[in-house]
Amino acid sequence: MTETVVKKEKKVVDSIKKRKIKSETSPTKKMKKEKDSKKPSKNGAKKEIKDEVKEEFKDEVKDDDSSNSDDENDDTFKWWENTDDMDGEVKWENLEHNGVLFPPEYEPLPKNVKLYYDGKPVTLPKEAEEVAGFFGALLESDHAKNPTFQKNFFRDFKEVLQESGGCPDADIQEFSKCDFSKIFQHFDKLREEKKALPPKEKKKIKEEKEASEEKYKFCLLNGRKEQVGNFRIEPPGLFRGRGAHPKTGTLKRRVYPESITLNLGKDAPIPPPPAGHQWGDIKHDNTVTWLAMWKENIMGSVKYVRFSQNSSFKGMSDFKKFEKARELKKHVDKIRNDYRSKLKSSLMIDRQIATATYLIDVFALRAGGEKRDDEADTVGCCSLRFEHIFLKPPSTVIFDFLGKDSIRFYQEVQVDTQVFKNLKIFKKDPKKPGDDLFDRLDPSILNKYFQEFMPGLTAKVFRTYNASKTMQDQIDLIPNEGTVNEKVVAFNAANREVAILCNHQRTIPKAHQAGVQKINEKIEEMIWQKIKLKRIMLQLDKTMKKKELEYFEEIDDLTKEKEMEIVERWSQKELDRISKKFEKDKEKLKFEKKELSPEDYKVKSTEIKEDHKKKLESAKALIKQYKSEAKKQKYEEKSTYTAEKLKAQIDKLEERIKNTSLQLKDKEENSTVSLGTSKMNYIDPRLTVMFAKKFNVPIEKLFTKTLREKFAWAIESADADWKF
DNA sequence: CGGATAACTTAGTAGAGGTAAG
DNA sequence: CTTACCTCTACTAAGTTATCCG
């Protein structure tokens with residue numbers, strides 16, 4: 001632990017040094033190229049002509065584009081071919097869309113499914129029943145066991161109950177007397193039924209859903225078709241706040257058209273509101289990029305309907321975000337020198353600014369704005385408190401706090417000695433647990449400081465910069481060799497470094513431990529098979545061992561005891577599997593019984609029994625053979641065996657063992673680290689594209705379909721020698 | 001100026017969907 | 001073909017930052 005962090009500290013110093021060297025050398029070809037790509041209009045003559053043509057047929061750009069693509073109906077707007085006029089207050093000229101999709105009306109529970117109060121079934125008004133249903137559906141989740149969740153839910157449930165006329169059968173006052181299990185079972189049954197639907201039926205339902213949503217999926221932006229993101233209005237439910245959120249469990253009320261504001265072009269037709277309803281408001285604000293909004297009732301915040309991730313707006317702002325992070329490269333030396341010197345400033349505010357900047361730069365902390373007390377108590381850099389850091393002389397700091405999403409940030413690190421001294425000062429005497437470490441700071445002060453060095457520079461840019469920088473450095477270390485699979489693993493390892501830097505975590509999957517054990521057993525069994533084959537090879541020809549000593553070395557790794565253990569385990573699994581299959585078949589037949597004639601049933605029944613018997617017998621024979629082989633340490637030879645054939649089989653096993661081991665390693669190392677977030681938000685996608693091209697890895701192995709769409713601009717603009 | 005708010009990005013997770021193993 | 005598992009997408013909560021407003 002300590003070691004990696006020491007490295008981290010060193011890395012910063014190193015990269016400061018490196019930067020210096022780089023910036024002192026003469027302007028490189030790369031820099032020139034960068035400059036050019038920023039001003040495409042000053043590119044070669046050919047490009048200029050193309051742009052002119054485009055200008056002339058501005059209204060027909062769509063046609064022009066689709067004509068030069070023969071595989072798909074590619075009518076995407078390639079904004080990245082000209083990134084000149086991306087800034088500006090006005091975001092669009094015209095915007096047309098079909099409004100938003102509302103969740104279906106509440107469907108009351110069947111008459112026989114009821115809440116039980118004090119042991120008796122009670123009837124609820126449908127409004128209250130809906131809320132009870134929200135809780136019932138979650139009954140087996142952790143939320144339902146959380147006292148805050150229960151308290152908030154029950155308060156709102158009672159409120160809705162009162163609003164809707166109360167319960168005629170009982171005076172519902174105590175949560176502990178409520179029994180939601182019948183409701184839970186009902187939803188559980190529905191889920192099962194839905195899952196068990198024949199594939200045809202499922203497909204049909206899906207298609208119907210697609211069709212009804214079609215018109216909301218797209219909108220017209222300046223006459224071009226663009227995809228809308230979250231056009232579905234959030235359905236009512238219970239607020240699932242993360243961590244110790246004071247409001248978790250609160251009822252999230254149904255959203256009606258009356259509370260929705262639409263934003264569209266002045267000339268755009270206003271989509272008709274659902275029958276019997278009116279839109280809350282209509283806006284024509286072309287300085288923003290949302291299509292609709294409403295105010296949510298829990299935190300009082302605003303929810304927006306926006307463009308989808310693959311839209312030009314999102315693409316452009318991603319592009320700008322990463323260009324800004326690359327811009328930081330040019331200033332980061334100066335900034336680092338500045339905050340290092342200010343660490344010793346006689347002004348307290350400057351010392352705090354310098355120390356906070358150090359933490360943001362080195363440990364990738366977030367800015368850390370103030371939070372209200374009706375939110376979960378989480379912190380970032382500026383909001384760190386006395387109790388969040390422990391100082392261990394001479395220069396060790398232990399961070400232990402909850403960050404965004406109540407994810408724990410726990411790191412024991414070595415810091416710069418002056419930083420250590422400063423932190424000690426910030427924790428000095430009158431300060432006590434609960435007090436702010438940086439009592440003079442908030443994110444806006446920090447950001448003002450950053451903007452002295454670079455316009456638009458803010459705290460979050462450091463995370464983007466350091467993440468992408470780390471990725472570039474890691475990729476540079478990967479040798480260009482091996483199989484595609486191995487290269488992907490290497491890429492993921494680099495990705496993982498970034499995720500660790502950003503503290504991107506995930507909960508360990510429930511089945512993780514069992515899964516690891518299973519894979520380990522599988523590997524063991526494959527090795528067992530392999531060694532057996534090698535031993536058979538030797539049985540066939542004893543002289544081989546002398547010729548290829550190394551090849552046969554491993555056969556001694558498998559002791560008699562170990563082999564017997566493996567055989568025992570394998571046998572057990574095999575028998576389990578066969579009896580399970582038998583049970584399943586019987587179960588299935590029971591189901592079909594009604595539709596079969598008695599004769600057919602009998603035939604099938606015996607068929608199943610026969611099949612089971614046969615399988616059992618052959619398994620038993622095999623087990624017997626393996627057991628005796630293990631005991632005697634001598635293996636049965638088949639007449640078809642030849643050295644070549646055995647060798648081929650062994651090679652195949654080797655390959656499978658290698659793959660499975662790789663898979664296991666990946667699984668272990670990724671169990672608590674989430675790679676997705678950094679891939680999606682922090683690593684410049686052009687790095688991933690560069691890796692794909694340079695290492696000859698299909699981009700599909702690195703970006704999922706949605707990411708390929710989101711990062712289309714990067715896929716089309718970066719090549720094998722692109723640098724962050 | 002400072003707190004509130006608007007508008008945007010970043011985040012983990014539930015559940016759908018796909019795929020390999022049996 | 002089914003099951004089990006794993007990956008991906010959709011969802012929406014939770015951040016950051018700029019700006020508004022008294």
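If you're wondering where the values come from, they're calculated on a predicted model, not measured in any experiment. The chains referred to below are lettered A, B, ... by the order of the sequence lines, with proteins before strands, and numbering in each begins at 1.
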| Nearest-angstrom distance from the residue atom CD of A/Glu370 to P of B/dA4 | 11 Å
| note | Here the distance between atom P of B/dA11 and atom CG of A/Leu365, to the nearest Å, is 13 Å
| task | Indicate, with yes or no, if the rings of A/His245 and A/Phe239 have centres closer together than 6.0 Å. | result | yes
| field | Rounded distance (Å) that lies between atom C1' of C/dA13 and atom CG of A/Leu402 | value | 16 Å
| request: In whole angstrom, give the distance that lies between atom CH2 of A/Trp570 and atom P of B/dG22. | output: 12 Å
| Closer than 4.0 Å, any side-chain N/O of A/Thr378 to the OP1 or OP2 of C/dG15? | yes
| query | Between A/Ser406 and C/dA14, is there a side-chain N or O to OP1/OP2 distance below 4.0 Å? | reply | no
| said: For a quick check of understanding: with a heavy-atom distance under 4.0 Å over all strands, which category does A/Glu709 fall into, base, sugar-phosphate or nothing? | reply: nothing
| Under 4.0 angstrom, heavy atoms only, what part of the nucleic acid is A/Lys195 near: base, sugar-phosphate, or nothing? | nothing
| query | Which is true for A/Gly368 with a 4.0 Å heavy-atom rule: it touches a base, it touches only sugar-phosphate, or it touches nothing? | reply | sugar-phosphate
| Length of the line joining A/Asn466:CG and B/dT10:C1', which is rounded to integer Å | 17 Å
| query | A/Val288 or A/Gln505: which one's nearest nucleotide on DNA chain B is closer to the 5' end? | reply | A/Val288
| remark: Comparing A/Met299 with A/Lys705, nearest DNA chain C nucleotide closer to 5' gives the residue A/Lys705
| query | What residues, two or more places apart in sequence or in another chain, satisfy side-chain contact (heavy atoms from CB on, under 4.5 Å) together with A/Ala467? | reply | A/Val498, A/Cys502, A/Tyr682
| said: Counting the atoms with a prime plus P, OP1 and OP2 as sugar-phosphate, which does A/Asn447 contact under 4.0 Å by heavy atoms, base, sugar-phosphate, or nothing? | reply: sugar-phosphate
| task | Determine yes or no for a side-chain-to-main-chain donor-acceptor pair under 3.5 angstrom, with A/Asp684 supplying the side chain and A/Phe724 the backbone. | result | no
| Which part of the nucleic acid, if any, lies within reach of A/Lys252 when heavy atoms closer than 4.0 Å are counted: base, sugar-phosphate only, or nothing? | sugar-phosphate
| said: So A/Ala376, base contact, sugar-phosphate only, or nothing? Heavy-atom distance under 4.0 Å. | reply: nothing
| Ring geometry between A/Tyr358 and A/Phe363 (parallel below 30°, tilted from 30 to 60°, perpendicular above 60°) | perpendicular
| request: Whole angstrom is fine here: how far is it from CG in A/Asp405 over to P in B/dA11? | output: 8 Å
| request: Test ring pair (Phe, Tyr, Trp, His ring centres under 6.0 Å) on A/Phe462 and A/Phe450 and set out the steps. | output: CA-CA 10 Å; A/Phe462 279 87; A/Phe450 294 145; 4.9 Å; yes
| Which nucleotide sits closest to the side chain of A/His504: C/dT9, B/dG12, C/dA18? | B/dG12
| Roughly, in whole Å, what's the span from CZ in A/Arg372 to C1' in C/dT16? | 15 Å
| query | How long is the line joining OH of A/Tyr304 and C1' of C/dC11, in whole Å? | reply | 18 Å
| Base, sugar-phosphate, or nothing: which does A/Arg306 touch, judged by heavy atoms less than 4.0 Å apart? | base
Below 3.5 Å is the cut-off: list the nitrogen or oxygen pairs between protein and nucleotides 14-21 of chain B, distance only.
none

| query | Is any side-chain N or O of A/Ser317 closer than 4.0 Å to OP1 or OP2 of B/dT9? | reply | yes
| said: Base, sugar-phosphate or nothing for A/Gly380? Non-hydrogen atoms, less than 4.0 Å. | reply: nothing
| field | Which residue lies more 5' along DNA chain B, comparing A/Lys295 with A/Arg242 via nearest heavy atoms | value | A/Lys295
| message | Is it the case that the base of B/dT10 and the side chain of A/Lys460 share a donor-acceptor contact (distance under 3.5 Å, atom types as modelled)? | response | no
